[in-house]
Amino acid sequence: MNAYKTTALIFLALSTVSCATIWSKKTQKVHVYSNVKEGRLITNDSVIHQLPATIEVKRDKKDLHLTLATEEYKETYTIASQINPVFTFGNLLTIPAFGAGYLIDLTNKKRFSYKKHIFLDKFDEETDQTTRNAEEYIARHAITNDSVVETIYKREIQKTQNRQQKQIAYDDWSFKRFHPAKGTFYFNILTPSLYMIGISSENPNLSRFKNKAGGMSLGVALDYFYAEKQFITLEIAHRSNVFDPFYFLDRYSYDLMVDKVNLSVMHSHRINRFNIGYGLSFDRVFYNYRVWKEHWIPNDLPYELYMSDDGKKQFSENYITLGFSGLLSYQWTQRLHIGVFYKPSVYSIRSGQSSFNYEHVTGLDIRLKF
């Protein structure tokens, strides 16, 4: 059997698989209960059930109507129809077959369902949520023991108080994150992002300024708010002109390798959620340039490798640059800050030839603050 026939059979098999059609019944069981004593349930087909009750209803796109009745009370509740999870998730396997399972189930009412547990409540408008939760639990489990009922009410009250306390604590924490107070410290983690490394023509074998895209980076920083809207940042970060996280295992597969370890000290202003920082920058640059990827070329080729005029196969340098640092960022969430940075270097300290010389690193800044 060739590959085309195999592929066709796979697609055919997937096309005939429809999870809602195969695994779901035309009907489903729902459990109905209420806090109305001696209440009776009347379904769409006018059948009367004593509550709590487990009934079987037909799956349909239309909403389900259930009536709760006593001798003095009668009210109809509408239970919304919803998409059956079996239809939503079970047919994911048919996506390679252009979603054939979804298409098949669209013609079948089995793709619909209702909530498994339905509570028909009777409350005043002023009834609080704690009481509603307690009575729903009592009705659902058919609890009649007074001491147990009292325990459930106390438990729901305690749960409500706990939620309120957690919400108050969260709101207080969130407010402080967006409104840092004087004396606050924040530890920063700089995540990998996209950036450009600008290399000076002062480097050997580069006839002009060259920009190289990069993505491998990692760094940490520390913020200190010495005033409510102003803070000092000490930052150290490593950036390279590669995207491969394991590039250090095969450094010689690149013609041009640049690593910059940066130390920055910035003074920043906070305006609403924006942070504007500026300061000094120091870089330790590790630079390596290979004239040709020699190991990619077999030794038995009939031509020689291109070499530089002086016969060198590669150039390497280590040097320090001095410059400036700028950062504009926006606080998207309590911890996430996204922005852009610009770190120009204006002076290079090289072995025997220190001079004014321009280089830079610029790009996206994505950091988490704790």
Side-chain angles (χ1 to χ4, degrees), residues 187-221 233-266 277 280-298 305-308 312-329 336-351 357-369:
F187 176 72
N188 299 205
I189 296 178
L190 283 64
T191 65
S193 62
L194 296 175
Y195 50 84
M196 299 291 292
I197 296 181
I199 308 300
S200 168
S201 57
E202 291 294 321
N203 288 285
N205 214 65
L206 290 181
S207 59
R208 57 187 175 82
F209 191 89
K210 180 174 291 187
N211 268 306
K212 300 292 291 186
M216 270 303 302
S217 62
L218 187 63
V220 294
T233 299
L234 178 64
E235 173 185 308
I236 183 168
H238 167 263
R239 296 180 177 89
S240 177
N241 68 315
V242 297
F243 294 89
D244 178 9
F246 301 106
Y247 74 94
F248 54 84
L249 298 178
D250 189 17
R251 296 177 63 88
Y252 294 106
S253 63
Y254 298 91
D255 287 330
L256 179 61
M257 280 292 307
V258 180
D259 289 276
K260 287 200 172 188
V261 178
N262 173 261
L263 176 66
S264 297
V265 180
M266 291 184 291
L280 300 177
S281 177
F282 308 87
D283 280 289
R284 180 78 179 188
V285 184
F286 303 89
Y287 170 87
N288 185 76
Y289 178 81
R290 289 173 61 83
V291 176
W292 199 269
K293 298 175 183 176
E294 181 180 358
H295 66 287
W296 282 6
I297 300 176
L305 298 176
Y306 169 78
M307 303 301 294
S308 60
K312 289 184 179 180
K313 295 183 179 181
Q314 69 180 38
F315 304 89
S316 297
E317 271 197 288
N318 288 335
Y319 55 95
I320 296 174
T321 64
L322 309 179
F324 304 97
S325 181
L327 173 64
L328 172 63
S329 65
L336 177 63
H337 294 246
I338 299 178
V340 291
F341 69 90
Y342 175 53
K343 298 181 183 294
S345 300
V346 296
Y347 190 79
S348 297
I349 303 176
R350 301 169 185 268
S351 177
N357 182 40
Y358 176 80
E359 294 188 352
H360 68 233
V361 182
T362 182
L364 292 177
D365 185 273
I366 304 175
R367 63 181 64 200
L368 299 172
K369 295 192 177 185

So, do [X] and [Y] sit near enough that their side-chain heavy atoms are less than 4.5 Å apart?
{"X": "Val361", "Y": "Asn262", "answer": "no"}
{"X": "His337", "Y": "Leu327", "answer": "no"}
{"X": "Ile236", "Y": "Val220", "answer": "yes"}
{"X": "Leu263", "Y": "Leu234", "answer": "yes"}
{"X": "Leu218", "Y": "His238", "answer": "no"}

Considering all heavy atoms of both residues, which atom of [X] and which atom of [Y] are nearest to each other, and what is their separation?
{"X": "Asn318", "Y": "Phe286", "value": "OD1-CD2, 3.0 Å"}
{"X": "Met196", "Y": "Ala213", "value": "SD-CA, 3.6 Å"}
{"X": "Glu359", "Y": "Gly198", "value": "CB-O, 3.3 Å"}
{"X": "Leu190", "Y": "Ala237", "value": "CD2-CB, 4.1 Å"}
{"X": "Ser264", "Y": "Ser281", "value": "OG-OG, 3.8 Å"}
{"X": "Ala221", "Y": "Thr233", "value": "CB-CG2, 4.0 Å"}

Does [X] reach the main-chain N or O of [Y] with its side chain, forming a donor-acceptor pair under 3.5 Å?
{"X": "Tyr195", "Y": "Ser240", "result": "yes"}
{"X": "Ser329", "Y": "Ile338", "result": "no"}
{"X": "Thr191", "Y": "Ile366", "result": "yes"}

Atom pair [atom1]/[atom2] of [X] and [Y] - distance to nearest 0.5 Å:
{"X": "Ile199", "Y": "Lys212", "atom1": "CD1", "atom2": "NZ", "answer": "9.5 Å"}
{"X": "Ser217", "Y": "Lys260", "atom1": "OG", "atom2": "NZ", "answer": "14.0 Å"}
{"X": "Arg284", "Y": "Thr321", "atom1": "CZ", "atom2": "OG1", "answer": "10.5 Å"}
{"X": "Ser325", "Y": "Leu280", "atom1": "OG", "atom2": "CG", "answer": "9.0 Å"}
{"X": "Leu336", "Y": "Lys369", "atom1": "CG", "atom2": "NZ", "answer": "11.0 Å"}
{"X": "Arg239", "Y": "Phe341", "atom1": "CZ", "atom2": "CZ", "answer": "4.0 Å"}

Set of residues satisfying side-chain hydrogen bond (donor to acceptor under 3.5 Å, both in side chains) with respect to Asn211, sequence neighbours excluded: His360
For Tyr347, ring-ring contact (aromatic ring centres under 6.0 Å, His included) partners two or more places apart: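 So Tyr347 forms a ring-ring contact (aromatic ring centres under 6.0 Å, His included) with Phe356.
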Residues that Asp283 engages under salt bridge (Lys or Arg N to Asp or Glu O under 4.0 Å), provided they are two or more places apart: none
Ser200 and Asn357: CA distance, side-chain angles, deciding distance, side-chain hydrogen bond (donor to acceptor under 3.5 Å, both in side chains) verdict: CA-CA 7 Å; Ser200 168; Asn357 182 40; 2.6 Å; yes
Trace of the side chain to side chain contact (heavy atoms under 4.5 Å, CB included) decision for Val340 with Asp365: CA-CA 5 Å; Val340 291; Asp365 185 273; over 6 Å; no
Arg350 NZ/CZ over Tyr287 ring centroid, <6.0 Å and within 45° of normal: no
Ring-ring centroid check Tyr358 Phe209, cutoff 6.0 Å: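 That pair passes the under 6.0 Å test.
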